[in-house]
Amino acid sequence: VGGKTPGTNHPRRRGFDRAYGTAGGGSFFDLKPLYLDDQPVEPEPGFYATDVFTDYAVKFLAEHGRRVGDQPFFLNLCYTAPHFPLHAKPDDIAKYRGKYNQGWDKVRERRFARQQELRFFPPGTKLSPRDPVSKAWDDLTAAEREEYAQRMAVHAAMVDCMDQGIGRVLVEIERQGATENTLVLFLSDNGASAEALDSWPNPARGHKPGSVIGTAESHRCLEVGWATAANTPFRMHKMWIHEGGISTPLIAAWPKGIAARGELTKQVGHVIDLTPTFLELAGVAYPQKFAGRELRPLDGQSLVPVLQGAAPVERTLGWEHEGNRGLRAGDWKVVASYGGEWELYNLAKDRTETVDLAAQEPDRLRQLTDQWQAWGDKVGVAPWKDLPGANYKPSAGYRKKSESVAP
């Protein structure tokens, strides 16, 4: 990320030779602000963010190959898809129109059955209940079902376009003869969002009445029903620390370095592990000082042993977001929504957090919540009640989980 003009956090001030991207978000057809290296730029005619991000990724890789041949590279390709607004190209949408008419309940059941078939989760894992804010699909009106099916079609089209783009990047890596010794990692930043956002008549994030979902004039979100299906089989969504908010798969490909093909590891990891992983692969030691500054030691640990087949090791990790908080220590996890009580789960037996053991295991609960507090004090977690946003109330313009708005 970076600012409208180069600043401390701009990629070009953080070691990158080339950079194209946005400091904001929003419309995929008119994304602003944009920068190319150190200069602000405007979207060109026919702009669609996912395609343009891909274009520049391929361009930068090709330039690298011409300039330095087979020297190593680091490419950080951060698509904004499939974040809201739901915007996609007509040809991509057409592939999925009508495919989600059965609704989120049946899609979720079908996905869970497939996950069980692939042994993603231990036998006996239960599908978490539908989010209480979400209606049953059969309770929607015909018009609502038609609109929400179209929203999911657009969401699928956005993912499809991103997949096409990743394919183009991999083709360029292959063209340079670098496939065998290039580590490719794919991950999401969080679980699916249940938010509902419509600022109309402000067009910045507003849905123009009568506009077709997926077009530049529209601004629709996935909302809670489809977000719950997208997070199958977990509970909750982006912003929450339950598994639906923080647990995403990491896909790794590295023909020369990973012996396993198409296998799963149960190793728990975190984005804080990426820097140590890249440093180890590059043969670089993390410095104690840089540019005259004392550096804080890295919190993560390298994933290279995992990629090379090592057995999983236990991790202790803490989280906090908007007052939602949690800590995982080995297979045990404590988690609480803002203003709610701590819950306790054994993820080895209950990955979907359906059986709260807090009342049965008070000593373990206290031990883990004390660990969370120690972690929070160490990293500087501020009480959410003292920060802007703590007085959140759903409104017609913004809702965290598509909650109804009091008249």
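When all heavy atoms are compared, the tightest approach of Val41 to Tyr20 is CG2-CE1, 4.1 Å. Nearest approach of Ala252 to Leu307, heavy atoms of both residues: CB-CD2, 3.7 Å. Contact record, Ala390 with Trp384: CB-O, 3.0 Å, taken as the closest heavy-atom pair. Among all heavy-atom pairs drawn from Pro255 and Arg261, the shortest one is O-NH2, 3.2 Å. A pairwise comparison of heavy atoms in Tyr48 and Cys161 identifies CE2-SG, 3.7 Å as the closest pair. Nearest heavy atoms, Leu387 versus Ala382: CD1-CB, 4.0 Å.
Asp377 CG: more than 12 foreign heavy atoms inside a 6.0 Å radius. More than 12 non-hydrogen atoms from other residues, nucleotides or ligands lie less than 6.0 angstrom from CZ of Arg67. Dense packing is recorded around NZ of Lys95, with more than 12 heavy atoms of other residues, nucleotides or ligands lying under 6.0 Å away. Summarising the local packing, CD of Glu174 is surrounded by 12 or fewer heavy atoms from other residues, nucleotides or ligands at distances under 6.0 Å. For Glu314, the CD atom is loosely surrounded, since the number of other residues' heavy atoms within 6.0 Å does not exceed 12. Heavy-atom contacts from other residues, nucleotides or ligands closer than 6.0 Å to NZ of Lys89 number more than 12. With a 6.0 Å radius and a threshold of 12 heavy atoms from other residues, nucleotides or ligands, Lys393 has its NZ atom at or below the threshold.
Remark: side-chain polar atoms of Glu320 are paired, donor with acceptor, to backbone N or O of Gly323 under 3.5 angstrom. A distance-only check finds no donor-acceptor pair linking the side chain of Thr316 to the backbone of Ala329 [under 3.5 Å]. Using modelled atom types, no side-chain atom of Asn324 and backbone atom of Ser337 make a donor-acceptor pair closer than 3.5 Å. In terms of modelled atom types and a separation under 3.5 Å, the side chain of Asn202 and the main chain of Ser199 share no donor-acceptor contact. Thr277 contributes a side-chain N or O that, together with a main-chain N or O of Leu303, makes up a donor-acceptor pair within less than 3.5 Å. Proximity of a side-chain donor or acceptor of Thr22 to a complementary backbone N or O of Pro33 within less than 3.5 Å is detected. In this structure, the side chain of Ser134 does not engage the main chain of Asp131 through any donor-acceptor pair within 3.5 Å.
The pair Arg12-Asp17 does not meet the salt-bridge criterion, since no charged nitrogen lies less than 4.0 angstrom from a carboxylate oxygen. A salt bridge links Lys289 with Glu294: at least one charged nitrogen is closer than 4.0 Å to a carboxylate oxygen. The residues Arg315 and Asp331 are annotated as not salt-bridged, no charged nitrogen and carboxylate oxygen being separated by less than 4.0 angstrom. In summary, Lys59 and Glu63 engage in a salt bridge, as defined by a charged side-chain N under 4.0 Å from a carboxylate O. Residues Lys106 and Glu109 are not paired through a salt bridge, judged by the lack of any N-O separation under 4.0 Å between the basic side chain and the carboxylate.
Judged by distance alone, the side chains of Arg351 and Ser247 do bring a donor and an acceptor atom under 3.5 Å apart. The closest side-chain donor-acceptor pair between Asn9 and Arg14 falls under 3.5 angstrom. For the 3.5 Å distance criterion, the side chains of Thr354 and Asp350 qualify, holding a donor opposite an acceptor. Of the N and O atoms on the side chains of Arg325 and Thr369, not one donor lies less than 3.5 Å from an acceptor on the other residue. Side chains of Asp160 and Tyr96: a donor on one and an acceptor on the other come within 3.5 Å. Side chains of Glu280 and Ser302: a donor on one and an acceptor on the other come within 3.5 Å. Checking Glu195 against Ser193 by side-chain atom types alone, a donor-acceptor pair falls below 3.5 Å. Tyr148 and Glu223 share a side-chain donor-acceptor pair at under 3.5 Å. With 3.5 Å as the limit, one finds a donor-acceptor pair spanning the side chains of Gln164 and Asp92.
Under the 4.5 Å side-chain criterion, counting only non-hydrogen atoms from C-beta, Arg13 is not in contact with Thr8. Using a 4.5 Å heavy-atom cutoff, the side chains of Met162 and Phe53 are not in contact. Looking only at side-chain heavy atoms (C-beta outward), Val268 and Arg328 come within less than 4.5 Å of each other. Arg168 is not listed as a side-chain neighbour of Glu172, based on a closest heavy-atom distance of 4.5 Å or more. Using a 4.5 Å cut-off on side-chain heavy atoms (C-beta onward), Val184 and Ile251 make no contact.
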Q: Report the C-alpha separation of Glu343 and Lys333 in whole Å, then their side-chain angles, then the decisive distance to 0.1 Å, and conclude whether the salt bridge (charged side-chain N to carboxylate O under 4.0 Å, His left out) test is met.
A: CA-CA 8 Å; Glu343 304 162 16; Lys333 179 181 175 184; over 6 Å; no

If you apply the rule side-chain hydrogen bond (donor to acceptor under 3.5 Å, both in side chains), what do you find for Gln150 with Glu146, and how did you get there? CA-CA 6 Å; Gln150 180 66 1; Glu146 180 179 2; over 6 Å; no

After noting the C-alpha distance and the side-chain angles of Leu281 and Val304, does the key distance pass the side-chain contact (heavy atoms from CB on, under 4.5 Å) rule? CA-CA 8 Å; Leu281 291 174; Val304 171; 3.7 Å; yes

- Query: Is there a side-chain contact (heavy atoms from CB on, under 4.5 Å) between Arg110 and Val107 once you walk through the steps?
  - Reply: CA-CA 5 Å; Arg110 189 178 70 240; Val107 167; 4.0 Å; yes

**Request:** Evaluate the criterion side-chain contact (heavy atoms from CB on, under 4.5 Å) for residue pair Arg235 and Thr352; output intermediate values, then yes/no.
**Result:** CA-CA 7 Å; Arg235 288 176 55 203; Thr352 51; 5.9 Å; no

- Let me see the working for Leu127 and Thr232 under side-chain contact (heavy atoms from CB on, under 4.5 Å), right down to the final yes or no. CA-CA 8 Å; Leu127 179 63; Thr232 304; 4.0 Å; yes

> Is there a salt bridge (charged side-chain N to carboxylate O under 4.0 Å, His left out) between Asp299 and Arg296 once you walk through the steps?
Replying inline: CA-CA 9 Å; Asp299 290 319; Arg296 172 179 167 163; 3.1 Å; yes

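Between Leu197 and the choices Arg399, Lys400, His219, the side chain to side chain contact (heavy atoms under 4.5 Å, CB included) rule is met once, by His219.
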Just distance, no hydrogens or angles: give the donor-acceptor pairs under 3.5 Å from side chains in residues 74-83, sequence neighbours left out.
residue: Tyr79; atom: OH; partner: Thr54; partner atom: OG1; Å: 2.6
residue: His83; atom: NE2; partner: Lys238; partner atom: NZ; Å: 3.4

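Taking the centre of each ring, Trp240 and Trp319 stay at or above the 6.0 Å mark. You'll find the ring centres of Phe234 and Phe121 inside the 6.0 Å limit. If you look at Tyr35 and His10, their ring centroids are closer than 6.0 Å. Taking the centre of each ring, His87 and Phe29 come in below the 6.0 Å mark.
Qualifying side chain to side chain contact (heavy atoms under 4.5 Å, CB included) partners for Arg220, counting only residues two or more places apart in sequence or in other chains: Leu86, Glu147, Arg151, Asp198, His207, Ile213.
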